[in-house]
Amino acid sequence: MSFTCETRASLETLLNTIGIDKKEDVFSSIPEDLLFKGKLNIPEPMDEEKIRRKMDFPVSGTIFAGGGIYRHHIPSAVDALTARQEFFTAYTPYQPEISQGTLQSIFEYQSMMADLTGMHASNASMYDGATALAEAALMAIRKKHVKKVFVSRATNPSYRAVLQTYLASHVDVAIIEIPFDPKTGRTDMNTLNETIDKDSAVFIQNPNFFGICEPMKEVSETARNAGMWGIVVNEAISLGILEKPGAFGPDIVLGEAQSFGNPVSAGGPLLGFMCVKKNLLRAMPGRVVGLSRDKNNTQSFCLTLATREQHIRREKATSNICSNQGLCALRAAVYLNLIGPQGLRDTALQCAFGARYLRDQLMDKGINTVFSGPFFHEFVIRMDTKKRKDLIKKGIVPGVDIQNVYPEIPDGLLVNVTEMNTKKECACLIEHL
Amino acid sequence: MSFTCETRASLETLLNTIGIDKKEDVFSSIPEDLLFKGKLNIPEPMDEEKIRRKMDFPVSGTIFAGGGIYRHHIPSAVDALTARQEFFTAYTPYQPEISQGTLQSIFEYQSMMADLTGMHASNASMYDGATALAEAALMAIRKKHVKKVFVSRATNPSYRAVLQTYLASHVDVAIIEIPFDPKTGRTDMNTLNETIDKDSAVFIQNPNFFGICEPMKEVSETARNAGMWGIVVNEAISLGILEKPGAFGPDIVLGEAQSFGNPVSAGGPLLGFMCVKKNLLRAMPGRVVGLSRDKNNTQSFCLTLATREQHIRREKATSNICSNQGLCALRAAVYLNLIGPQGLRDTALQCAFGARYLRDQLMDKGINTVFSGPFFHEFVIRMDTKKRKDLIKKGIVPGVDIQNVYPEIPDGLLVNVTEMNTKKECACLIEHL
Amino acid sequence: MSYRASIVSFPEIKEPLLNKRTSRDKNKIMTPAPFDACDLEGLDTPETLPEIPDVSQVETIRHFTRLSRLNFGIDQGMYPLGSCTMKHNPRICEEIASKMARIHPADDMAMSGILEKVFELSGYLEEICGMDASTLWPAAGAHGELTAIMIIKKALYIRGEPRRTVLIPDTAHGTNPASCAVAGFRTVNIPSGDDGMLKASILKEYLDGDVAGLMITNPNTLGIFENEIRAIAAMLHENGSYLYMDGANLNAIMGITRPGDMGVDIMHLNLHKTFGTPHGGGGPGSGPVLVKKGLVPFLPLPDITHTDNRFSLGWNRDTSIGMVHSSTGNMAVLIKALTYIYSLGAFGIRQAATMACINANYLRARLSPMFNLPYPGATLHEFVLSDRDQGKNQVTTMDMAKALMDYGFHPPTVYFPLVVHGAIMIEPTETEPLEELERFAQAMQAIAETAQEHQESLHNNPVTCPCERVDEVWAARNLVLTWDME
Amino acid sequence: MSYRASIVSFPEIKEPLLNKRTSRDKNKIMTPAPFDACDLEGLDTPETLPEIPDVSQVETIRHFTRLSRLNFGIDQGMYPLGSCTMKHNPRICEEIASKMARIHPADDMAMSGILEKVFELSGYLEEICGMDASTLWPAAGAHGELTAIMIIKKALYIRGEPRRTVLIPDTAHGTNPASCAVAGFRTVNIPSGDDGMLKASILKEYLDGDVAGLMITNPNTLGIFENEIRAIAAMLHENGSYLYMDGANLNAIMGITRPGDMGVDIMHLNLHKTFGTPHGGGGPGSGPVLVKKGLVPFLPLPDITHTDNRFSLGWNRDTSIGMVHSSTGNMAVLIKALTYIYSLGAFGIRQAATMACINANYLRARLSPMFNLPYPGATLHEFVLSDRDQGKNQVTTMDMAKALMDYGFHPPTVYFPLVVHGAIMIEPTETEPLEELERFAQAMQAIAETAQEHQESLHNNPVTCPCERVDEVWAARNLVLTWDME
Ligand SMILES: Cc1ncc(COP(=O)(O)O)c(C=O)c1O
Ligand SMILES: Cc1ncc(COP(=O)(O)O)c(C=O)c1O
């Protein structure tokens, strides 16, 4: 089915006005030998009902997987509000007078992210947590001329992989992994004390990829000696229960906020965020909405700090990012208002309670956690691939397989519990073990 | 979860302003002995996720059931547009200046229904086809003082049942069933010729409940001698392919338009419609939208002919109907525009083709149709209850069981095929027979 | 004007009628075509295409989107339509109801699950109302009234007492007398007392052997609780008559007091009011009827039966009035109402009624200094002002209603109930925050002040809407009801 | 003004920031609570609540609904933003994508089905572009550019030729040079010829052993097809450089001509443009990268592998640039794009390009009598006007853009490309009906006339919007980026 609108009559008007005889003449500026004469190998057009039948995706019933992408309750109103065409079909709000809806809601998103992280400001979104980390490292290189980027090995492995990719062209900058303590699962800051200086950037994820909460006070004491240091949050719901990252004095807090109202959706879209201290405002990548006014002094909003961006600064921009994850940020804003302070805290608590509930049940079955450090809602156990695949065949996804990314944890499986799981689901997993 | 908004602080303001001490005092005008002191036997409040788990409705995969409620393709945009809060949360458009959206779309619905049926005008909707028929009969009694209401026995049995209920208080009016020919399944008009006069109303359904198309020319020759005669349409999609009912000269065309963009939804909401000739305009039940203008001569719309209605005329109103099926009519309007003239015709044709395809397959299996008359997309076969129930257990609904409503057709099963079925589904039914 | 501060505009495109955009083959939809063409054997099918607009998908979507933007919905602001209970419509209800879209009533297995749920709903409604049984099939309030009145008629008939009169207080909604008329009753209007309540002493004079019943609305349309209801019920019962209650105003009292305990024999509910299901710009609603034991045999067909956890429709009720709907009513609305009850729970039900009454009384306290309150007695979830004071300056209720639009509100119900001159019937519901109530109070105050000082300007509102006041007389005189009549 | 005839208003409520409505315990949500409280063993959890607004559900819904009504979306009217391909967003795509919401990437079974689909999508994109392989993970166009540039870098590195220069025409989008910079390249700006095309003869002067590649946009941002592209490709290849194509404008040519056949080595697409997925007020988009065979080894990780109909992610690509996204990009957007391709089929793809170019050329024909068209050569899906003529009357492109709002349009892209003074870049797309094109042409005509006769009035538009022109300088100077900074 085509979404064009021409009719025989209108086509005549169109062609006559243009001054051509037939439709194909509109392409006369394309060299003849470049015209594609074949037939594209694409299926015949389909009606909606056929597409519905073709695109049916069965989902497993019981899932204990997180690992950077988390299942959380999404109030029905999030979908209803963000499905309003005024929001989702609109473009980037470059024309503020007819984009106050997008602008104000992004401003509110920025405000809430800054408040939740305890930082001064937030940008309007990044592609995901990984690119947010990579861009933060580029910022450190650009702004603080760091030569070493320290990153905890307990940071989400795909974040580290993307960091590696983005920094590949900076041959003079070394990425250095900070090891973790194989007993507690916490980052081993001891090894760091000596090496950190103003030439280094440090990034610590909390809770880390194993779900373990880092000793942030100690971390900050070391990290604050760096030229720039940042805290990575790969599970935004943890902000509902933990000390604000900003309280530990980082220059930057960044990460993934998919958990705020965005479904797991086979892995994307996600929602990268970046919050900074005031002095880094102008070094931030990406779009930022600011408060403004019109000539009658009416409060209004517009994109601001555009002089950092690619469409003005081109090769001198703070980043190449243009389209971001705007609608995901809107979803986050709607979600946070729907869920409220108590709801966010309760949600985080339920995750923590649930993880302990399942951990206890697993222990009763003789399955222990690999690490002893305090965890939020995720922990590592050991399970061989065959067992995991068997469970998946039964509709139970017991966790995220991490043995390939952490060969030092053979059979490592990262198990996550959220408020979306139930005791019955836990029992079901235990029973099938 | 409660949808109230009070806080401790606001409650204080509220109570102080009212001048009461505690919330319960607002009920002080209710006699003490009437206050309910118990605890309602209603479950504890649930969160949305729990409700989602509780309210999960599995659907059979293969359905050949119609019988007045039909599965048709609903373009995705129907849901998207009618889910706009401006439409679905609004009340009846009594205040035209802030209800032009509802008003204009209902006016367009009325226009399309009038065009499709070939009548002068349509009301804004009725509860369903059955109440539309009952109200039409009441109109005939009120306006034409008829004493006999003839209705074909091949009319949807629940329509006839509702007619019976509504006419119960008119002890001086007889409902007379016109028999159908047991061979063709068509209404037997011969029996009628003598008895019809100005004291009678006649209602004929086409296609009739067995899916059979009535010989409308002949029907009209007899029926036009009645004080009022009407055509009942219980499958609006048939309007895409058959002669307009208005072409046969009825006073009224009424029925069910659920097929236009409304899902089967376990049986409701449905969409009753009523279209009339000009001279019956003022006798119609229900709301009607009319074109108007404001004082600047701007085209605008408003409810009109309100002096027929209960809120003005009270016991002298043309009907007691107040709320109708507004949103369903909007869905119909959106649907008709999305599907267009060719799409509507093609849809009707597909239904007819599909029904013949399945009929042929059944015949190959030795199962014949009960009636020989020309059918649209539905036909009667025989299948015993056990067989039918077995099929349902396998996820196949082979049709609507009509043996209770037509004891003269033992094991009667009404089989329907629409554009929602596939050849594969037909094969699946045949295989399991 | 002060509303300029908080009210802004946005360029909206006024849509022509869609038939103005039609052009052959503009519509490029692909409809499902699973079957091959074949001969249609005797089916008469003219070659002409059906007469509906031929427009592109983009145009249809723009058309209805643009139209929608000329509409006011609850999500835009307070919608204090008295008697209509325009409360928040939770989205979870819409989501849940959409899951049943593909269930056909002949799908016994799937229907069993749905019927189980609506059976559960009927139990909760009975519990809330203190009634014994119910039918869920009436498609709206008026349909419920009619069903209920037919039940009374049938009961009397079976009893061998075909009475013909129904008594109706002067404050009643228009559907009450209209429903009686459809069911073949004669109605008699009973005046309320000076305090707006129905008096047993007045009622007494109207009771005789022909009185089938009384239709009471409680709280009534003035928002006043009928505190003589128990005496009234007793008096009716003694007379062999039934007490019918119009439950449209149940939102004021649910969880607080139960009609069944008041002596009510039969009643209807408006789920699209009390139970938060959307009004849909006019419908679909749902109007279940609840009865005491004695009236159960007359409830409409079918009922819901179950054996071994399988739910199905039952057809064995010999003295039933018969069917009132071709199917089983507005099923999706029923599922929404159940979802709403699940959300609220027992506590939330009571809380809703309480806050509905508190919000209304707050507004009443704020507005009564500026407007005449003809019935000063206690009110619950709504109250009715008159335009007496503003009328002195030639400002009518209509003027004030239209002015409210310019402040971003839907007006209250106006000119109803009939016992109040220029009635302004205000029902904020429990889902309004104090801030919005206060915004409304200030708008009303500004209007009251304008009525004193610049009353002429009030004849021109609204000025921020897609059209100025629509000429309803012109519409009725010209009767253009379709685009062909244009 | 004439727009008064078709533009109307509706009372809109201007929302305060939501933190203004916060009040302790106003939010009454019930969040899921399946587990019992227990000791959190060493987890440091302060007692304070997180700092977000405490508002009711009604207020949140009203807030965002009211805000939405201050926004312009495609469904309100034409949105002729040049280079952004603001075409109709079919609802079926949204519906289908919503079905995958609950699939977690660790759910191997479910993911197999999804990966099968996106693998199918990559095949179609390769077919449409005439390329050999692709990666779907870049989250937007610029992300795709960066990925592609990194691929080139890696290929050169593996080849042992670490070149450092990328050539970029002066008409290029800002992301092109910015992406090169992020990847550590130096960029050199190449002037276009007088006819707006890149000339092989000019390019020649810039080629040397340090040139890694050229980033071309075809058709370019003037809407002009680069008809020397084959010669350019040959010249680059001879120089050992790569030809990169920014595919943001593929909508002009899909099904008509294929980048692969032009000699393009690597390119990116903007699915949120060409393939009809919504822009979301800024994102999420999707920017797949397509390559010729020689560059396959450098594509990012992971790829999609399959055995026996089971699809999964593959991690064995030794020379890959590595991962560019923590997951697999904007999966839901990919599924929407596939749904879009299913809808259109091969014929529809070609038809879309054809009508996109015809619609643009119609507008060009209608507008060029009134506006200066600096590059008069043939254009495809878009064209660029300048404000030269109106500038003589002190009317700027900005003035005209703002005036268009009052006619119910989103303005075109303005002041880009940089080679045109006061550029007005108009791309109507194929999904506009003639009626809407004509409505736009008439609005532009009215503006052009006003620019001659009442030019002062044009400095005041918009007048029908929620605010007048926003002071962007004030915003940049005061930098209030959160409500705490207010
Ligand atoms: C008191 C009262 N009774 C009955 C009704 C009729 O309800 P419905 O519109 O659902 O038919 C109404 C509706 O406004 C009402 O307010
Ligand atoms: C020509 C061109 N290239 C690249 C881009 C960047 O795409 P995105 O915004 O998806 O990053 C754009 C977007 O406007 C564009 O127009």
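So that the names make sense, note that chain A is the first sequence line, chain B the second, and so on, each numbered from 1. What you see is a predicted model, and the numbers here were worked out from it, not measured in a lab.
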Give the member of [options] that has the highest number of heavy-atom pairs under 4.5 Å with chain B.
{"options": "C:G184, C:G322, C:A181, C:A142", "value": "C:A142"}
{"options": "C:G276, C:A139, C:G348", "value": "C:A139"}
{"options": "C:E472, C:K154, C:Q57", "value": "C:E472"}
{"options": "C:G42, C:P278, C:A110, C:P284", "value": "C:P284"}
{"options": "C:I256, C:L49, C:I341, C:N361", "value": "C:I256"}
{"options": "C:I74, C:D261, C:L434", "value": "C:I74"}

[X] side chain vs [Y] backbone, donor-acceptor pair below 3.5 Å:
{"X": "B:S292", "Y": "C:D471", "value": "yes"}
{"X": "C:T482", "Y": "B:S111", "value": "no"}
{"X": "B:N337", "Y": "C:L18", "value": "no"}
{"X": "B:E97", "Y": "C:V470", "value": "yes"}
{"X": "C:S326", "Y": "B:Y159", "value": "no"}
{"X": "C:S327", "Y": "B:G267", "value": "yes"}
{"X": "B:Q85", "Y": "C:D75", "value": "yes"}
{"X": "C:K99", "Y": "B:R52", "value": "yes"}
{"X": "C:H279", "Y": "B:A90", "value": "no"}
{"X": "C:D107", "Y": "B:S60", "value": "yes"}

Using heavy-atom distances under 4.5 Å, tell me whether [X] contacts chain C through its side chain, its backbone, both, or neither.
{"X": "B:T304", "value": "side chain"}
{"X": "B:L330", "value": "side chain"}
{"X": "B:T307", "value": "neither"}
{"X": "B:C213", "value": "side chain"}
{"X": "B:R293", "value": "both"}
{"X": "B:V288", "value": "side chain"}
{"X": "B:I63", "value": "side chain"}
{"X": "B:R345", "value": "both"}
{"X": "B:A333", "value": "both"}
{"X": "B:Y357", "value": "side chain"}
{"X": "B:L35", "value": "both"}

Is [X] close to chain B through its backbone or its side chain, or both, or neither, when contacts mean heavy atoms under 4.5 Å?
{"X": "C:A476", "answer": "both"}
{"X": "C:E432", "answer": "backbone"}
{"X": "C:T187", "answer": "side chain"}
{"X": "C:I335", "answer": "both"}
{"X": "C:M86", "answer": "side chain"}
{"X": "C:E94", "answer": "side chain"}
{"X": "C:D54", "answer": "both"}
{"X": "C:M262", "answer": "both"}
{"X": "C:L479", "answer": "side chain"}
{"X": "C:C180", "answer": "neither"}
{"X": "C:P53", "answer": "both"}
{"X": "C:H63", "answer": "side chain"}
{"X": "C:H410", "answer": "both"}
{"X": "C:Y79", "answer": "side chain"}

Flag the one option from [options] with the top tally of heavy-atom pairs under 4.5 Å to chain C.
{"options": "B:E86, B:R314, B:E315", "answer": "B:R314"}
{"options": "B:P263, B:P45, B:S158", "answer": "B:P45"}
{"options": "B:L336, B:D346, B:N404", "answer": "B:L336"}

Pair C:H143 and B:Y127, ring centroids less than 6.0 Å apart: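 Yes, close enough.
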
[X] versus [Y]: any side-chain heavy-atom pair under 4.5 Å?
{"X": "B:E419", "Y": "C:T31", "result": "no"}
{"X": "C:F225", "Y": "B:L34", "result": "yes"}
{"X": "C:M150", "Y": "B:T165", "result": "yes"}

To the nearest 0.5 Å, how far apart are [atom1] in [X] and [atom2] in [Y]?
{"X": "B:E44", "Y": "C:L344", "atom1": "CD", "atom2": "CG", "answer": "12.0 Å"}
{"X": "B:L81", "Y": "C:T60", "atom1": "CG", "atom2": "OG1", "answer": "8.5 Å"}
{"X": "C:F35", "Y": "B:K423", "atom1": "CZ", "atom2": "NZ", "answer": "8.0 Å"}
{"X": "B:F353", "Y": "C:C38", "atom1": "CZ", "atom2": "SG", "answer": "6.0 Å"}
{"X": "C:E430", "Y": "B:S2", "atom1": "CD", "atom2": "OG", "answer": "7.5 Å"}
{"X": "C:M109", "Y": "B:K389", "atom1": "CE", "atom2": "NZ", "answer": "12.0 Å"}

Assess, by modelled atom type and distance only, whether the side chains of [X] and [Y] contain a donor and an acceptor separated by less than 3.5 Å.
{"X": "C:T175", "Y": "B:N320", "value": "no"}
{"X": "C:N359", "Y": "B:E6", "value": "no"}
{"X": "B:S99", "Y": "C:N71", "value": "no"}
{"X": "B:Q342", "Y": "C:D25", "value": "no"}

CG (C:D44) with more than 12 external heavy atoms under 6.0 Å: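 Not more than 12 within 6.0 Å, no.
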
Heavy-atom pair with the smallest gap, counting every atom of B:M55 and C:T339: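 Answer, listing the atom of B:M55 first, then C:T339: CE-OG1, 3.3 Å.
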
Set of side-chain hydrogen bond (donor to acceptor under 3.5 Å, both in side chains) partners for B:T92, sequence neighbours left out: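 If we apply the side-chain hydrogen bond (donor to acceptor under 3.5 Å, both in side chains) test to B:T92, skipping adjacent residues, the hits are B:R287.
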
